[in-house]
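Scope of the values below: all heavy atoms of this structure, side chains included, with no hydrogens, waters or symmetry mates. Note on naming: letters A, B, ... go to the chains in the order of the sequence lines (proteins, then strands), and numbering restarts at 1 for each one.
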Amino acid sequence: MPQSEAGRVKGQSNTNLDRIAGGADSSESEPVPTITEWFWETDSDHRYTYVSSQNAVITGFSPSQIIGRRREDFAHDRDDPKWERHLADLAAHRPFWSFQYPIKLPDGRIVHLSVSGEPRFDEDGRFIGYRGAASDVTKRRRAEQELSEARELFRAVLDHAPVGIVLKDREGRYLEVSQEWQSRFGLCRDEVIGKTATEVLPSQISQAYEARDSEVLKSGDEAIFEEQLEQPDGTKAYFLSTRFPIRGRDGDITGVGLISADITGRKLAELAHVESEQHIHAIADNLPVLIARHDRLWRHRFINSEGARWYGTTPDQLVGKAVSDLISGEVCAAIRPLVDRALQGESTQFSGVAEYPDGKTRHVVINYVPDFAADGSIQGWFSLAVDVTEKEAAERTLRNAEEERRTVTDNLPVLMARLDRDWRYRFINLEGARWYGMDPGNVVGRTIPELFSRKTVEAIQPCVESALRGETARYSGEISYPDGKTRATEITFVPDRTADGAVGGWFALAQDMTERQRAAEELRRQEHQLTAIADNLPVLICRFDKQARFEFLNKEGEQWYGRPTSEIIGKTVAEILGPESSATVGPWMERALNGEPVRFEEKVRYPDGTLRDVDITYIPDITPDGEVSGCIALVQKITEYKAVESRLRESETRLKAVVNNLPAFITYVSGDQRYRFANRVAEEWYGRPASEIIGRHLSAVHKPVSMETLRSRVESVLSGQEQRFEVTLLYPDNVTRTVDQRWIPDRGENGDVRGWFSLIQDISDRKKLEADLLRQERLATLGQLTGTVAHELRNPLGAVAASVAALRRNAADTGLDVERSLSRAERGIWRCERIITELLDFARAKGLQRRSTPFAGWLTTILSEHEIPAGITLTTEFADEGLKISIYREDLRRAIINIIDNACQALSGEYPEERALDREIRVTTRKLDDSLLCEIADNGPGIPPESLDRVLEPLFSTKSFGTGLGLPTVQRILEAHGGGMRIESVPGEGASVTLRLPICEQDEGDEGNVQSENTDR
Amino acid sequence: MSSLKILIVDDDVDFADGLMEIFEMEGHRPVMVHSGKQAIASASEGEFDAALIDIDLPDMNGGTCLGEIRKSHPDIPCFLLTGYSAEDVAKQGIDTQCAEILTKPVDPEELCRRLAML
């Protein structure tokens, strides 16, 4: 019965470990070999009477050592209370199973035996002993013990390990959870075991967990995740979770295990570290210095943005790259010893010029600082490089400037000196020293009172005091210098401020004005003379400098500018002339100021408000060394004559232009009836250029038939009577024009008629318009009339129709044969009705509402809805299928159907044999400019030429029935659309009607009538 | 065929009378009046199964007349008659109360068929 024993062990298991282990309990994994089992028999006194031979093999006891002895005689633990129970069983002759006890073998080993037995009775029912089997269960017991220990250990681990441990079966049901896990989720084991994550955990968490579990189940591989869990207090906990498959004995995956360690502390430290690194990087990135960290192999571990810029790239491109690969070998060699020393723990500095990969050469100061690891070892070095190029440059500039100043000051023809508050010379240039008759070195250290007379000192004292107060002062006067010369001197006193702004002394800049004063005096004298001349010239004379500032202006100029010279001098031309006028003269001035003398004529409005026609000359004022120092302007009014001349020329041109461009015919005919002038319209009408008209006689230009008409008019106009008449003439260009003629006699000084002007206007269009208008009016009246009449006719017609119907019924009842008459009457009614409809259609001004319509689609629909007689083919070809135009849909439908019906009627007539088979109506559309043309053509007999002109006349009809209003109605509909129609026909070949509709998509405003939809068919 | 009580409203006496005769032959019970006011009065006094109303009545338009009649006969089937076209009626801005518009002269037999379908 070992199996049942094992089963009980299994059943007693208080962990689910066995299940997960795929039933890996020892009894099954190590089946007890039959060799360990033997049989025995005892007598009624429980003494062995038989043991099977296996016993000897297993235990080492010989049968003789066993027979006659009792089981308890071999017991190693005879005091164990279980023996009491066993002996009680025996005494009661009860069967027993798996009684286990240890025995000591002859070789001294302790083995565990398991015995089962059942009592035996003889035929009389007397107890005669037991028979049973025994086996060595030592190994199994050991295994069981180990297992139990393992279980305990596992239990202990589950209960005490500071990690989350979870075991789940394939279906995701919890088999085991550790204490830590329970407290992590605030769940206790009993709530969890046998359930799935979905059932016990928040869905957000369970979904993630289950997805990961199933990944492990699928792949069979261990998976490690870092997981976050929001704690009730809102903080985050971090876990490092390892999921692994649990495999059964046969290698199948039977579940998933999870070991999850809380790494929150480490994680937070890490995050803090990352954050602080980020801070450092942020700072480093914003410093205008190169900051880099390198490892021992010179590779960048970090470089800030500024540094990367020097390398012409971004920090992430540089990390990992060695400095030595990025800079020239030369520089590399220069810094190597410094880096080496840094790597030995010493901070070093490099200062020099290096060319960086961004193409800039920088003067840099680089500090190399060892990078100590936490353990004190040097893991690399830091570079801190500062670009001192600009500083260096600034310093150099300063040095140069000082030198330059020295050079400049020494060579200036002025005295320059720096003095302290005690009037003591601190510096004097060569020129200054020369005025003193001394070396500069001898002047420095002395004071002004030591070198100059008291009078001079007193003269300049106020200026010196001003300078020492911080104000610049100027002194002008004659001063006796230590070299014995008296110089007309202009001295500028400039405060000498120290860095803190305090006045530590002053500079004196003295200029010898003696020569200049003399020159100036001469100049003034000359200028005076010049001004006198200039002021008396009727010409504006001025001079301006290179910046176009007035330097001189004569009297004439004052007048033009409307203000005294004193208000003009120093101002710029732009300021004085104003933007408009200065824009006119500006470009010329610019040329003059570039050295080019210019002369031009312009209209310029001057500040006195006068617009002057002026002749301006700008003469550049060029100094002996070739520089343009300014410009002299001579501005002269263009004479009146010139102005008149140009005005006349202009007016003539204008007149000619007007005459030529007038849409009227203008000629002048002299008394000898010869043309003396003909404008462009005249050229056109006469069909020849003016040169071929002028000089010719009237009769040589006009057609003879016209001359007949004109002859009496010629006589009248030559007698001095103005002629005005309307006449229709055939002109030489073969155009018949209705013209309004106006002949005006031209009288000489003595009153004689020298000729006449003809002013002739073509009024053909006007006449046509008048005729059209008349027609429209007539049509409108006709429309009104027909509308009223038609409507009034319908009532009696209705009464007649009803009466005919009633008559027919009565006749049928009485048997009178009046059907033929009634039918005729009825036909008459419906013919009247059709005529009324046509009249009303014609009378209707326009449809209800104009609506944007996709024309091709709409046309297709109305054509398909209209019945075409058998034998006639209707074909269509539409251009621009999507085109939308705005139409009165019902009206236009009526128009098109009317034309189609006309075509059908034309095609239904008599035909030449050979053409009887292809009776066709073609409907095509095409776009022409901003119109849509819709052509409806038939290949019927066509329209005779004599009818073609009249088909649009109302009431014209070639049919025996019909009002003759069909096509006029169509025309009116198209006119209402702002379009038109054209009818063409070649007799014998067919006729075509082309409708022209303007393309415009606009809907007409809704007229507030919902019914429009319904009435629009 | 059921006998309908039909209200004919038209100021054209002959026309109205013509319809009267036809409807009587059909076995209907037509009543004819010649103005809108008379029509409204008749409608308020008796029950009608259908109405034919001329749009151009001397005292009001047919639509208005129908509107009044509908007060006592909310669902009465009605044809509006006109000497113009449906489109012209729409253009005049007449509220036709959704009634069907027939253009005169109507075909009496056709009208009878239409009434028979009511």
Next on the checklist: To the closest 0.5 Å, what do you measure between CD1 (A:I999) and OG (A:S931)?
Outcome noted: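 Answer rounded to 0.5 Å: 6.5 Å.
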Checklist outcome for this item: Contacts satisfying side-chain hydrogen bond (donor to acceptor under 3.5 Å, both in side chains) that involve residues 792-806 of chain A (not counting sequence neighbours) are A:R794-A:E833, A:R794-A:T837, A:N795-B:K104
Next on the checklist: With chain B as the partner, which of A:V804, A:L793, A:I829, A:N810 has the greatest number of non-hydrogen pairs under 4.5 Å?
Outcome noted: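 When all of A:V804, A:L793, A:I829, A:N810 are compared, A:N810 has the most.
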Item to check | Close side-chain approach of A:L932 to A:L995, heavy-atom, < 4.5 Å | outcome: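 In short, these two side chains do not touch, never coming nearer than 4.5 Å.
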Checklist entry - Does B:L80 reach the side chain of B:I94, with side-chain heavy atoms less than 4.5 Å apart? => result no
Checklist outcome for this item: Those residues of residues 12-25 of chain B that come under 4.5 Å of chain A on a heavy-atom basis, listed by number, are B:D12, B:D14, B:F15, B:G18, B:L19, B:E21, B:I22, B:M25
Next on the checklist: Quick check on the structure: residues of residues 33-71 of chain B within a heavy-atom distance below 4.5 Å of chain A, by number.
Outcome noted: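 Near chain A, by residue number: B:D56.
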Item to check | A:E819 and A:S823: side chain donor to acceptor below 3.5 Å | outcome: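 Distance-only check passes for A:E819 and A:S823.
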Salt bridge or not for [X] and [Y], using N-O below 4.0 Å?
{"X": "A:E975", "Y": "A:R972", "result": "no"}
{"X": "A:R893", "Y": "A:E865", "result": "no"}
{"X": "A:E890", "Y": "A:R851", "result": "no"}
{"X": "B:E109", "Y": "A:R808", "result": "no"}

Checklist outcome for this item: Across all chains, not counting sequence neighbours, the side chain to side chain donor-acceptor pair (under 3.5 Å) partners of A:R824 are none
